[in-house]
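Sequential numbering from 1 along the given sequence is applied to the chain's residues.
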Amino acid sequence: MRYMVCLDGSEQAKKAFDFATRLIQKEDMMYLVTILRTGIYKDDAQMMIMKYEQSCMEMGIPYEAIIVEGNLDPRDAIINMVEKYMIDTLVVGTRGMSTIKKMFLGSVSSYCVTNAPCDVLVAK
């Protein structure tokens with residue numbers, strides 16, 4: 001199985017990572033993905049993802065870290081990576097936005113559940 005975990009430095013992303021590590025088997029692969037958006041420095045993204053890489057190494061989990069750069073909508077970038085790497089299960093966190101905020105902004109996790117061509121697990 002190929003698992004992809006979306007990481008943005010939030011507590012919800014950490015929960016998604018922790019959830020994925022409980023599912024993964026030794027023959028599986030984990031893709032650690034972060035989307036580099038405007039206002040986020042590449043060095044900060046690399047430092048954040050390195051912490052997860054270290055955890056994978058310590059647990060013996062095969063992984064690949066991916067930093068997606070460009071002025072992309074994170075929702076579309078995630079779906080593109082899912083398709084590119086033929087992911088079986090996408091694991092995302094949820095921020096718990098209010099109904100009003102979701103209506104105007106949408107939610108990355110909701111978008112992924114609706115549009116990803118694979119199973120999506122949402123960690124709360």
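Note that the CE atom of Met4 and the OG1 atom of Thr89 stand 11.5 Å from one another [nearest 0.5 Å]. Rounding to the nearest 0.5 Å gives a distance of 6.5 Å between CD of Glu53 and CG of Leu32. Separation of atoms OH (Tyr63) and CD1 (Ile49) is listed at 9.5 Å; rounding is to 0.5 Å. Separating the CG atom in Leu72 from the CG atom in Leu36 is a distance of 10.0 Å, to the nearest 0.5 Å. Asp119 CG to Leu90 CG: the interatomic distance, rounded to the nearest 0.5 Å, is 10.0 Å. With rounding to the nearest 0.5 Å, the separation of CD in Gln12 from NZ in Lys124 is 11.5 Å.
Proximity of Cys56 to Met30: side-chain heavy atoms (C-beta onward) are separated by under 4.5 Å at one or more points. Contact check for Tyr3 versus Ile87: no side-chain heavy atoms found under the 4.5 Å cut-off. Residues Ser109 and Thr94 meet the side-chain proximity criterion, which asks for heavy atoms closer than 4.5 Å. Between Thr34 and Val68 the shortest side-chain heavy-atom distance does not fall below 4.5 Å. In this structure, the side chains of Tyr31 and Val5 stay at 4.5 Å or more apart for every pair of heavy atoms.
The two residues Cys6 and Val92 come nearest to each other via the heavy atoms SG-CG1, 3.7 Å. The two residues Ser10 and Tyr52 have their closest heavy-atom pair at O-OH, 4.5 Å. In terms of heavy-atom proximity, Asp8 sits nearest to Ala13 at OD1-CB, 3.4 Å. Heavy-atom minimum distance, Lys26 versus Pro62: O-CG, 4.0 Å.
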Could you walk me through whether Arg22 and Asp18 pass the salt bridge (charged side-chain N to carboxylate O under 4.0 Å, His left out) check? CA-CA 7 Å; Arg22 293 192 303 266; Asp18 292 342; 5.8 Å; no
Set out, in order, the CA-CA distance, both residues' side-chain angles and the distance that settles side chain to side chain contact (heavy atoms under 4.5 Å, CB included) for Glu64 and Met29, then state yes or no. CA-CA 8 Å; Glu64 181 177 337; Met29 179 73 170; 3.8 Å; yes
Residues Val108, Ile78; criterion side chain to side chain contact (heavy atoms under 4.5 Å, CB included); working and verdict: CA-CA 9 Å; Val108 172; Ile78 291 166; 3.6 Å; yes
Passes side chain to side chain contact (heavy atoms under 4.5 Å, CB included), Phe19 versus Leu121? Steps please. CA-CA 9 Å; Phe19 189 77; Leu121 297 173; 3.6 Å; yes
Report the C-alpha distance between Lys84 and Met81 in whole Å, list the side-chain angles of each, state the deciding distance to 0.1 Å, and finish with yes or no for side chain to side chain contact (heavy atoms under 4.5 Å, CB included). CA-CA 5 Å; Lys84 179 178 179 177; Met81 292 295 100; 4.0 Å; yes
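By the 6.0 Å contact criterion, CE on Met47 is open, its count of non-hydrogen atoms from other residues, nucleotides or ligands being 12 or less.
Checked by atom type and distance alone, the side chain of Asp28 never pairs as donor or acceptor with a backbone atom of Arg2 at under 3.5 Å.
Met50 shares a hydrophobic cluster with no other residue; no ILVMFWY side chain has heavy atoms under 4.5 Å from its own. Grouping Ile, Leu, Val, Met, Phe, Trp and Tyr residues whose side-chain heavy atoms lie under 4.5 Å apart, directly or via other members, places Tyr111 in a hydrophobic cluster with Ile79.
Residues meeting the salt bridge (Lys or Arg N to Asp or Glu O under 4.0 Å) test with Glu69, sequence neighbours left out: Lys42.
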